[in-house]
> 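Structure in structure tokens, see below.
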Protein chains: 2
Amino acid sequence: MTSSGPGPPNGHRATLVEVAALAGVSRSLASLVIRGAPGPSAASREAVLRAAAELGYRPDPAAKLLREHRSRVLGVVFDPGDPFHADLLEAVYPAAERCGYEVVLGARVPTHPEHRAVEGLIRSRCEGLLLVGAEADAVQLRGLGVRLPVAVIGRRGDEAGVDSVRAADPRGAAAAVDLLVDLGHRRIRHVDGGRHPGAAERRRGYRAAMRRHGLDPDVVKGDHTEESGVRAAGRLLDGAEGITAVLAGNDRCAVGVVDTLRRAGVDVPGDISVIGYDDSRLARLTHIDLTTVAQDAEQTARLAVEAVVERLDGDVDLPPRDILLNPRLVIRGTTGPASALRRT
Amino acid sequence: MTSSGPGPPNGHRATLVEVAALAGVSRSLASLVIRGAPGPSAASREAVLRAAAELGYRPDPAAKLLREHRSRVLGVVFDPGDPFHADLLEAVYPAAERCGYEVVLGARVPTHPEHRAVEGLIRSRCEGLLLVGAEADAVQLRGLGVRLPVAVIGRRGDEAGVDSVRAADPRGAAAAVDLLVDLGHRRIRHVDGGRHPGAAERRRGYRAAMRRHGLDPDVVKGDHTEESGVRAAGRLLDGAEGITAVLAGNDRCAVGVVDTLRRAGVDVPGDISVIGYDDSRLARLTHIDLTTVAQDAEQTARLAVEAVVERLDGDVDLPPRDILLNPRLVIRGTTGPASALRRT
DNA sequence: AGGTAGTCTTGGAACGATCTAAGTCACGGG
DNA sequence: CCCGTGACTTAGATCGTTCCAAGACTACCT
């Protein structure tokens with residue numbers, strides 16, 4: 001894009017020396033003009049800019065980097081295909097731009113695992129790293145953290161010496177339970193996320209909230225896929241009579257639950273209420289319209305970017321911070337009052 | 001994560017000069033050893049490698065790049081959150097690696113539109129570009145194509161002078177129609193994808209196949225979202241009697257159709273068969289189990305990478321190629337014989 | 001007139017690698 | 001005894017920038 005610009009279409013890129021020659025000034029002066037430094041007179045400024053435009057000059061980032069030792073680039077490792085990561089990325093770009101940084105991405109996929117992504121990003125000379133949902137253990141994370149400033153999103157990192165930004169999952173789960181109890185539900189089941197990151201805390205929040213209300217926790221194993229929702233709903237249909245509400249480990253699981261229940265003729269939320277977790281795009285689709293717990297992607301991304309930038313632009317020796325964000329309950333169409341019939 | 005390595009943990013990175021000094025050889029010799037060039041004796045080779053290890057030496061990519069004018073990096077623009085793009089990325093990495101290239105990613109999101117992504121990637125000195133589903137028009141694409149080798153995935157590019165790799169959508173739609181006709185369906189409706197890339201060709205393939213079978217095409221407007229599937233299904237329920245099969249514009253639309261029909265008590269595929277398009281992860285979920293048309297992500301990615309690399313590593317002046325891949329029909333659980341009752 | 005301040009401009013030395021061409025050394029043949 | 005040969009090694013130039021210290025010129029003040 002950039003309409004390809006004028007100048008030699010391909011092959012040789014114009015250099016600063018050529019621009020300076022055409023403008024009839026020295027290399028140094030041209031350099032000052034190009035990077036907008038104070039000093040040059042209006043006349044030379046104009047001459048250089050004209051020459052640069054004519055030659056289609058673009059500064060060589062490699063040379064600049066070699067000299068300056070600053071790339072002003074942030075690397076981000078993420079999972080393509082994960083809708084929440086997409087929301088985060090959308091917020092990372094403007095946040096980085098406000099701080100004067102560019103962003104390069106590295107995907108975490110089976111063929112290109114996290115450590116490869118990290119190395120690739122470092123090789124493309126990023127100065128700081130955002131890991132959206134890291135796989136690495138604390139030791140690896142710590143090793144990475146000494147090489148460059150790192151922030152982890154969605155998981156705790158301060159024991160590994162790096163900053164982290166994440167939702168306060170126990171509070172989110174508790175808020176979901178509170179809503180259900182307010183609606184009159186008492187038999188509330190949690191389909192958990194197994195060993196998924198965050199699952200343990202959601203489980204903990206659920207258990208604590210249930211007990212706070214004087215209710216018995218009822219946790220069944222699951223994971224963060226639709227499959228596990230389908231299985232859980234199957235068990236529900238097979239005879240877990242009395243249960244009027246389900247708190248799923250995440251939205252995908254919740255969708256599995258809702259679909260299976262509805263297909264079996266159970267009314268959601270008339271007979272059973274369902275709450276998801278994450279407020280993924282899935283949950284927002286109007287024909288799904290799932291009540292769920294939202295994390296604020298925009299704020300999360302912004303804080304993570306700012307944490308890394310803060311270390312980059314000065315305070316290197318801050319102690320690692322673990323920033324907890326309050327989740328927000330988004331009430332949509334899969335929750336309603338406990339039905340009189342099934343209430344125990 | 002490379003276990004942080006020995007050497008000064010942060011601050012100063014070791015340079016080749018320091019390695020050479022520690023090994024007691026010249027900078028040039030150290031350089032030869034580091035990049036594995038033939039020449040150095042076994043003794044000096046070992047001395048240099050030992051010194052490099054001790055200092056935790058890592059070559060500075062900026063300096064290397066400045067000198068060599070080759071980054072061996074491929075840039076990829078994609079939509080995070082799109083599952084098919086995730087599949088492609090997964091295949092891009094090994095394909096690039098086989099050709100000796102690294103990959104950097106730029107996201108196409110509302111806050112960071114395509115042209116920004118492209119510029120960012122070029123600034124990080126990628127030598128070639130893969131656009132997964134470009135937004136740019138032919139003029140912009142052509143402008144980009146003269147700056148560096150470009151391949152577009154999922155859309156035609158040869159009129160804009162760049163290579164493209166895409167599925168033969170008309171053939172995919174035709175195969176879907178053929179299957180339905182084989183199953184005895186005659187009133188087959190197509191919910192199209194509006195002005196989405198690819199939608200026109202799918203529509204064309206559908207129309208041609210219907211006429212080939214002596215049937216009347218029946219196209220309704222839609223787009224590539226669940227919403228449009230929901231709307232289309234609504235119209236079907238409102239009284240489009242006689243229709244026994246729906247070919248959706250893509251999987252998301254198909255899921256909207258199936259969900260809405262089932263929720264209204266219509267049996268899929270007993271009463272109505274539904275076919276999607278794309279074989280996204282969605283379609284593969286066992287509780288959705290959608291019959292759909294698949295594109296081969298692995299092959300697509302590989303061919304696109306190879307096209308760009310071929311121009312990079314020699315043949316610059318090949319005419320642009322438009323590579324068409326045959327889609328594959330994946331028969332799952334949403335298609336069945338036309339029901340005797342509803343057959344016209 | 002001489003000094004000094006201020007504004008604008010400049011050449012040379014970095015940055016850290018690679019490449020080229022020229023060096024050193026030991027050895028064996030004439 | 002000299003020289004060519006082959007196997008290693010090295011100094012110096014180079015890539016395209018930015019930084020630094022100093023240079024040129026005008027203008028002002030005493």
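Note on naming: letters A, B, ... go to the chains in the order of the sequence lines (proteins, then strands), and numbering restarts at 1 for each one.
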> Going from CD on Glu114(B) to CG on Leu144(B), what distance comes out if it is rounded to the nearest 0.5 angstrom?
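One gets 8.5 Å once the value is rounded to the nearest 0.5 Å.
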
> Let me know the distance between NE2 of His69(A) and P of dC19(D), rounded to the nearest Å.
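Those two atoms, NE2 and P, are 11 Å apart.
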
> Could you please spell out the steps behind the side chain to side chain contact (heavy atoms under 4.5 Å, CB included) verdict for Leu130(B) and Val150(B)?
CA-CA 6 Å; Leu130(B) 261 56; Val150(B) 172; over 6 Å; no

> Figure out the CG/P separation between Leu29(A) and dG23(D), and round it to whole Å.
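Leu29(A) atom CG is separated from dG23(D) atom P by 18 Å.
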
> For Arg125(A) and dC15(C), what is the distance between atoms CZ and C1' respectively, to the nearest whole Å?
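In whole Å, dC15(C) C1' and Arg125(A) CZ are 15 Å from each other.
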
> Flag the pair Glu310(A) and Arg321(A) as a salt bridge only when some basic side-chain nitrogen lies within less than 4.0 angstrom of an acidic carboxylate oxygen.
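Salt bridge: yes.
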
> Could you give the CG-to-P distance, from Leu16(A) to dT10(C), as a whole number of Å?
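One finds 12 Å between P of dT10(C) and CG of Leu16(A), rounded.
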
> If you pin Asp60(A) and Gly39(B) to their nearest nucleotides in DNA chain D, which one's is more 5'?
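Per heavy-atom nearest nucleotide, the more 5' residue is Gly39(B).
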
> Report yes if a side-chain nitrogen or oxygen of Thr15(A) is closer than 4.0 Å to either non-bridging phosphate oxygen (OP1 or OP2) of dC15(D); otherwise report no.
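So the side chain of Thr15(A) is outside the cut-off, no N or O lying under 4.0 Å from OP1 or OP2 of dC15(D).
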
> Nearest-Å distance, CG (Leu65(A)) to P (dG16(D))?
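To the nearest whole Å, that distance equals 15 Å.
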
> Taking the nucleotide of DNA chain D with the closest heavy atom to each, which residue, Leu66(B) or Leu32(B), is nearer the 5' end?
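The residue whose closest nucleotide sits nearer the 5' end is Leu32(B).
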
> For dG16(D), does either OP1 or OP2 sit under 4.0 Å from a side-chain N or O belonging to Lys64(A)?
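False: Lys64(A) side-chain N/O out of range (4.0 Å or more) of dG16(D) OP1/OP2.
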
> In Å, rounded to the nearest 0.5 Å, how long is the span from CG of Asp87(B) to CG of Asp82(B)?
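That separation rounds to 9.0 Å.
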
> Would you please name every residue forming a side-chain contact (heavy atoms from CB on, under 4.5 Å) with Val132(B), sequence neighbours left out?
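Scan of Val132(B) (side-chain contact (heavy atoms from CB on, under 4.5 Å), adjacent residues dropped) gives Val76(B), Phe78(B), His85(B), Leu88(B), Ile153(B).
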
> Grab the N/O contacts between the protein and nucleotides 19-24 of chain C below 3.5 Å, and write none if there aren't any.
from	atom 1	to	atom 2	distance (Å)
dC19(C)	OP2	Arg35(B)	NH1	2.9

> What's Pro40(B) touching, base or sugar-phosphate or nothing? Going by heavy atoms closer than 4.0 Å.
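Pro40(B): backbone/sugar contact only, no base atoms under 4.0 Å.
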
> Is it true that Ser31(B) and Ser28(B) share a donor-acceptor pair across their side chains at a distance under 3.5 Å?
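Their side chains do not contain a donor-acceptor pair, so the 3.5 Å distance test is not met.
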
